[in-house]
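Worksheet for the structure shown next.
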Amino acid sequence: MRSKIQKSDAEWQQQLTPEQYRVTREKGTEPPFSGHYHVSDEHGIYHCVCCNAPLFENEHKFDAGCGWPSFDRPFTPSCVAEQTDTSHGMQRTEVTCARCDAHLGHVFPDGPQETTGLRYCINSVAIQFHAGE
């Protein structure tokens, strides 16, 4: 893992679109089914929109029907961080980029039982697909 990236709010706002900033830096959520990443057989890796760190492989993506890109595992265990999120009157596990602390989404224990049993439910505006990697 490369060194931790730290930028001011102004630097993040200059680099990101308003929606990317709201989701990744302010822990927002994009509306379900509004994203542009659908399940495909294309080989590639999804990177953090903030720092370009590799986060998820397309081979581990599945259609959970929840309205957000879903993966059964991260690219490596150390590329994401998890912490308890008690916002909105519930307890969930938040997933962030380990390199820049960008909010990515949440992980739930209702993923495919034949693999990890996990569902990393990720905002599409927080990731960028690099085909062919």
Would you name the heavy atoms of Leu55 and His47 that are closest together and state the gap between them? CD1-C, 4.0 Å

Report whether Val49 and Ile122 are members of the same hydrophobic cluster (ILVMFWY, side-chain heavy atoms less than 4.5 Å apart, transitive linking). no

Can you check side chain to side chain contact (heavy atoms under 4.5 Å, CB included) on Thr84 and Glu94, steps first, answer last? CA-CA 6 Å; Thr84 301; Glu94 179 188 14; over 6 Å; no

Set out, in order, the CA-CA distance, both residues' side-chain angles and the distance that settles salt bridge (Lys or Arg N to Asp or Glu O under 4.0 Å) for Asp101 and Lys4, then state yes or no. CA-CA 9 Å; Asp101 297 326; Lys4 197 80 152 173; 2.8 Å; yes

Pair Arg92, Ser87 - check side chain to side chain contact (heavy atoms under 4.5 Å, CB included), show working. CA-CA 8 Å; Arg92 302 176 290 175; Ser87 65; 3.3 Å; yes

Which atom pair, heavy atoms only, marks the closest approach of Cys79 to Pro54? CB-O, 3.5 Å

Sole residue of Val107, Leu118, Val80 in side chain to side chain contact (heavy atoms under 4.5 Å, CB included) with Pro74: Val80

Consider only side-chain heavy atoms of I, L, V, M, F, W and Y, link residues closer than 4.5 Å, and tell whether Val23 and Val95 are in one cluster. no

With a 4.5 Å cut-off on side-chain heavy atoms, are Pro109 and Arg119 touching? no

With rounding to the nearest 0.5 Å, note down the distance linking CG in Asn58 to OH in Tyr46. 4.0 Å

Phe108 to Cys121 - nearest heavy-atom pair and separation: CE1-CB, 3.9 Å

Just how far is it from atom OG of Ser70 to atom NE2 of His60, taken to the nearest 0.5 Å? 14.5 Å

Given 3.5 Å as the limit, does a donor-acceptor pair link the side chain of Gln113 with the main chain of Gly111, or not? yes

Are any of the side-chain heavy atoms of Ile45 and Phe75 separated by less than 4.5 Å? yes

So, Gln83 versus Thr96: side-chain donor-acceptor pair below 3.5 Å or not? yes

In this structure, CZ of Phe71 is separated from OG1 of Thr116 (nearest 0.5 Å) by 12.5 Å

I'd like to know if Lys61 and Asp72 make a salt bridge, using a cut-off of under 4.0 Å between side-chain N and carboxylate O. no

Closest non-hydrogen contact found for Phe129 with His43 is CZ-O, 3.8 Å

Is there side-chain contact between Trp68 and Thr29, with heavy atoms separated by less than 4.5 Å? yes

Between Tyr120 and Glu82, is a side-chain hydrogen bond (donor to acceptor under 3.5 Å, both in side chains) present by the stated rule, with each step listed? CA-CA 11 Å; Tyr120 285 83; Glu82 298 178 7; 3.0 Å; yes

For Thr24 and Gln20, which heavy atoms make the closest approach, and how far apart are they? OG1-O, 2.6 Å

SG of Cys100 to CG of Asn52: how many Å apart, nearest 0.5 Å? 10.0 Å

Do Gln91 and Asp85 have side chains that get closer than 4.5 Å, going by heavy atoms? no

Indicate the ring-plane relationship of His106 and His103, choosing parallel, tilted or perpendicular according to the 30° and 60° boundaries. perpendicular

Which is it for Gln14 and Ser8 under the side chain to side chain contact (heavy atoms under 4.5 Å, CB included) test, yes or no, and what are the steps along the way? CA-CA 10 Å; Gln14 189 172 32; Ser8 68; over 6 Å; no

Please report the C-alpha distance between Cys97 and Cys50 in whole Å, then the side-chain angles of each, then the deciding distance to 0.1 Å, and finally whether the side chain to side chain contact (heavy atoms under 4.5 Å, CB included) criterion is met. CA-CA 9 Å; Cys97 174; Cys50 294; over 6 Å; no

Which distance, rounded to the nearest 0.5 Å, do you find between the CZ of Arg73 and the CD of Glu57? 8.5 Å

Can you give me the closest heavy-atom contact between Asn123 and Glu30, atom names plus distance? OD1-N, 3.0 Å

